[in-house]
Amino acid sequence: MPTNKILEILKDFGIEELRPPQKKALEKGLLDKNKNFLISIPTASGKTLIGEMALINHLLDENKNPTNKKGIFIVPLKALASEKYEEFKNKYERYGLRVALSIGDYDEDEDLSRYHLIITTAEKLDSLWRHKIDWIDDVSVVVVDEIHLINDESRGGTLEILLTKLKKFNIQIIGLSATIGNPEELANWLNAELIVDDWRPVELKKGIYKNGIIEFINGENREIKAINNNDIYNLVVDCVKDGGCCIVFCNTKRGAVNEAKKLNLKKFLTNEEKRKLKEVAEEILSILEPPTEMCKTLAECILNGSAFHHAGLTYQHRKIVEDAFRNKLIKVICCTPTLSVGLNLPCRRAIVKDLTRYTNRGMRYIPIMEIQQCIGRAGRLGLDPYGEGIIVAKNDRDYLRSYQVLTQKPEPIYSKLSNQAVLRTQLLGLIATIEIRDEYDLEWFIRNTFYAYQYGNLREVAKNINEVIRFLEEKEFMIDFIPTELGKRVAELYIDPLSAKYMIDGLNEMENEDDIYYLYLISKTLEMMPNLRVYKSEELNLIDEMENLGIKSFEIEDLEAFKTAKMLYDWISEVPEDEILKKYKIEPGILRYKVENAVWLMHALKEMAKIIGKNSEIPEKLEIRLEYGAKEDIIELLNVKYIGRVRARKLYNAGIRNVEDIINNPSKVASIIGEKITKKILEDLGIKFGQQKLIF
DNA sequence: AATCCCTTGTTCTAGACAGCATGTC
DNA sequence: CTAGAACAAGGGATT
């Protein structure tokens with residue numbers, strides 16, 4: 001497809017002129033379908049559009065009709081996938097392209113072969129691959145957003161293996177990356193043309209704030225009027241009173257909340273804004289019934305024109321905060337790294353409060369790349385004359401580091417394939433899908449990884465790999481590179497083989513069938529880490545309870561797993577959410593996250609039980625109970641569409657205990673949960689019953 | 001004896017991907 | 001390498 005055809009399509013969405021990096025990519029042969037690309041340019045400078053041009057080039061023909069080739073767009077977050085899905089659907093369905101979203105908890109359609117453009121995550125694509133996708137040969141282009149995530153300790157290895165697999169096919173790969181230290185290396189490995197550029201649509205002024213003055217890297221200085229002795233407050237007010245808005249990046253959730261509390265901007269709000277903010281605050285309080293402490297704090301901040309944003313918020317909370325910020329109602333968001341990746345949420349002034357962060361190896365500097373991505377948030381196209389990225393330096397050491405961060409190039413990225421958990425999961429995946437059938441395949445595959453490309457010497461990784469291979473063989477996931485039934489199933493379930501082994505051992509050694517024991521088994525897996533912290537005062541009680549269940553090991557990790565199991569038990573016992581949160585000292589978002597993981601792992605445990613011939617009924621029940629957070633007696637009601645834990649409990653207490661009761665007492669049901677919903681439920685059931693009759 | 005102030009000790013720390021089933025005239 | 005806030009506990013002085 002010639003370039004001008006692409007430009008014509010872009011005009012359909014109002015894009016008249018390309019930006020410099022986009023032009024550069026075209027000049028270097030982006031539309032040559034056999035040429036891979038690595039695009040390393042700043043946030044918000046039009047990376048995605050480069051990927052889109054490549055997609056259009058493959059998916060549409062001269063007459064703007066589908067070519068029936070496939071394109072895949074890989075993003076790092078589910079939230080981002082949903083956002084892109086909506087965007088692409090709006091843009092490309094008019095040409096007859098069928099767009100699908102395929103992420104963990106949501107599938108557009110089981111049969112993705114009918115779609116042209118698939119939006120997904122690396123893990124999901126990997127998982128699809130394990131379930132044997134038959135359409136991979138139709139794929140002719142893959143765009144990988146935030147490809148530098150290959151550097152991520154826990155998830156990078158998966159992306160790397162996926163890319164290594166994709167490279168074997170005749171597929172054009174377009175990697176989109178933030179600015180990184182060693183783009184050449186990554187590009188060479190990908191056999192890709194490299195585009196590096198620092199062009200930005202809005203100028204970014206980088207500066208360090210110290211002693212009441214912002215010193216910009218370009219030499220300018222700006223004195224900040226001190227209203228009080230809170231540096232962040234003064235910086236925020238300085239921006240907000242000119243009609244701007246800010247994002248403050250913090251290194252802890254508590255820090256983000258505390259900063260947000262201190263930023264009272266009432267003085268700068270119009271009455272109209274105050275009224276609307278009140279509505280937003282009420283919306284926040286309506287998410288959870290009753291509202292938790294966190295909800296109340298957030299609502300109070302919002303009345304002041306500020307907000308916090310971190311993993312403790314539920315998705316609904318986050319969405320409300322993000323939207324209110326986009327609508328310029330909320331003037332400042334104090335956040336953890338939740339906002340440093342992905343999401344399009346620009347501001348006029350991005351403030352970095354902390355340069356270090358606590359890790360499992362103690363306090364460490366936050367990578368230059370991450371901070372550059374944070375400050376890259378500054379500058380709203382068409383709204384701000386320029387963006388300001390400011391680091392707050394508390395002392396001389398901070399000042400030096402800030403200067404480094406703002407002027408030096410980011411760290412190089414490194415393969416994280418040495419991560420044992422990733423290696424176990426990935427090698428089993430490759431063996432289960434018969435992509436690796438013997439030692440030669442294995443060696444050949446490893447040689448093609450980024451790891452091998454970077455380190456050359458394979459001796460170190462060979463040791464790791466042999467260990468994993470031995471483990472897989474010993475635990476009967478495979479015999480002589482032939483996957484066993486167990487191995488295949490574990491690969492499909494997408495759990496760490498080590499977790500599968502824990503589960504199987506646990507099921508075999510089980511002395512009783514208490515619900516809590518099953519919850520304990522899944523809490524012991526790596527996938528559930530980190531577990532809840534156990535305080536000294538709790539230890540003896542926990543050990544006591546564990547002994548009664550026949551658990552014999554009382555390492556601190558075991559106690560933590562058991563405490564987590566107890567929390568999950570409370571969840572499925574319908575203990576009110578706010579009570580659970582208080583008791584275990586966590587926030588709503590974290591509870592949801594834990595529960596989501598637990599549902600997945602309980603499903604895996606059920607499958608493990610089936611495979612080794614153990615009772616799978618209890619895990620099956622627990623899976624449903626975890627999903628809804630409910631007791632056993634209302635499971636049947638929960639299986640009915642439109643009935644969740646609250647409606648089910650109401651109905652149950654009123655004597656409606658199963659599907660039959662619903663059908664026989666529609667008016668009673670309607671009086672409890674409303675007529676509209678009852679009608680919907682009956683409609684749904686009617687169809688189901690029709691099908692059942694056919695079977696009889 | 002109750003209260004207050006200051007010092008010392010202790011605790012705690014970011015984020016977020018993955019599974020589904022169901023046989024068959 | 002590259003921490004610092006928040007809170008609890010304890011000691012001593014003051015009222």
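Because the structure is a prediction, the values reported are computed rather than measured. Letters go in sequence order (proteins before strands), and every chain restarts at 1.
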At less than 4.0 Å, is any side-chain N or O atom of [X] found next to OP1 or OP2 of [N]? Yes or no.
X: A:T359; N: B:dT13; answer: no
X: A:K124; N: B:dG19; answer: yes
X: A:T336; N: B:dG15; answer: yes
X: A:N258; N: C:dA6; answer: yes
X: A:K536; N: B:dT10; answer: no
X: A:R318; N: B:dA16; answer: yes
X: A:R489; N: B:dC20; answer: yes
X: A:R533; N: B:dT13; answer: yes

(message) Strictly distance-based, threshold 3.5 Å: is any side-chain N or O of A:D354 a donor or acceptor partner for the main-chain N or O of A:N251?
(response)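 Side chain of A:D354 to backbone of A:N251: a pair is present.
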
(message) Checking base pairs now: Watson-Crick or wobble, both atom distances under 3.5 Å. What partners B:dA16?
(response)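 Answer to the pairing question: none, since B:dA16 forms no Watson-Crick or G-U pair.
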
(request) Could you please name the partner base of B:dT22, counting Watson-Crick and G-U wobble pairs only when both distances are under 3.5 Å? (result)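 Pair assignment: B:dT22 / none.
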
Can you tell me if [atom1] on [X] sees more than 12 non-hydrogen neighbours from other groups inside 6.0 Å?
X: A:Y414; atom1: OH; result: no
X: A:K409; atom1: NZ; result: no
X: A:K210; atom1: NZ; result: yes

Checking all strands, does [X] fall into the base, sugar-phosphate, or nothing category for heavy-atom contacts under 4.0 angstrom?
X: A:A311; answer: sugar-phosphate
X: A:V599; answer: base
X: A:R401; answer: nothing
X: A:D152; answer: base
X: A:E492; answer: sugar-phosphate
X: A:N251; answer: sugar-phosphate
X: A:I103; answer: sugar-phosphate

[X] side chain, from C-beta outward: closest of [options]:
X: A:Y535; options: B:dT11, B:dA18, C:dT2; answer: B:dT11
X: A:S127; options: C:dT2, B:dA21, B:dA18; answer: B:dA18
X: A:E623; options: B:dA18, B:dA21, B:dG19; answer: B:dG19
X: A:Y494; options: B:dA14, B:dA21, B:dA18; answer: B:dA18
X: A:W600; options: B:dC20, B:dA18, C:dA3; answer: B:dA18

Could you measure between the two [atom1] atoms, the one in [N] and the one in [M], and give it in whole Å?
N: C:dA5; M: B:dA16; atom1: P; answer: 26 Å
N: B:dA18; M: C:dA3; atom1: P; answer: 36 Å
N: C:dT2; M: B:dG19; atom1: P; answer: 43 Å

Mind calculating the distance between [atom1] ([X]) and [atom2] ([N]) to the nearest angstrom?
X: A:D354; N: C:dT2; atom1: CG; atom2: C1'; result: 13 Å
X: A:K585; N: B:dT11; atom1: NZ; atom2: C1'; result: 10 Å
X: A:L605; N: B:dG19; atom1: CG; atom2: C1'; result: 13 Å
X: A:F249; N: B:dT13; atom1: CZ; atom2: P; result: 22 Å
X: A:K606; N: B:dA18; atom1: NZ; atom2: P; result: 18 Å
X: A:H310; N: B:dA16; atom1: NE2; atom2: P; result: 12 Å

(message) Can you work out whether A:Y358 or A:L77 has the more 5'-proximal nearest nucleotide on DNA chain B?
(response)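 Looking at the nearest nucleotide for each, A:Y358 comes out on the 5' side.
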
(message) On DNA chain B, does the nearest nucleotide to A:Y315 precede the nearest nucleotide to A:K253 from the 5' side, or the other way round? Give the residue.
(response)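 Looking at DNA chain B, the more 5' nearest nucleotide goes with A:K253.
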
(message) Can you confirm whether or not the ring centre of A:F308 sits under 6.0 Å from the ring centre of A:H310?
(response)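 Ring centres of A:H310 and A:F308 closer than 6.0 Å.
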
(message) For the CG atom of A:L128 and the OG1 atom of A:T120, what is their distance to the nearest 0.5 Å?
(response)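 Separation between the atoms: 6.0 Å.
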
(message) Suppose we call a contact any N or O donor and acceptor under 3.5 Å apart; does that hold for the side chain of A:Y593 and the base of B:dC17?
(response)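 Answer is yes: a donor-acceptor pair is held.
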
(message) If you go through the side-chain atoms of A:N597, does one of them form a donor-acceptor pair with the base of B:dA18 closer than 3.5 Å?
(response)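 Per atom types, the contact qualifies.
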
Can you see whether [Y] has [X] sitting over its ring - NZ or CZ less than 6.0 Å from the centre and within 45° of the normal?
X: A:K124; Y: A:Y494; value: no
X: A:R401; Y: A:Y365; value: yes
X: A:R645; Y: A:W571; value: yes

(message) Looking at every non-hydrogen atom in both residues, tell me the closest pair between A:P410 and A:T179 and how far apart they are.
(response)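 Smallest interatomic distance, heavy atoms only, reads CG-O, 3.3 Å.
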
(request) Would you mind telling me which residue lines up with the more 5' stretch of DNA chain C, A:M363 or A:K262, judged by nearest nucleotide? (result)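 Going by which nucleotide is closer to the 5' end, it is A:M363.
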
(request) Stems involving DNA chain C: give each as a range paired with a range, ordered by first number, where a stem means at least three consecutive Watson-Crick or G-U wobble pairs under 3.5 Å. (result)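 The stems that DNA chain C takes part in, listed by first number, are B:1-13 with C:3-15.
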
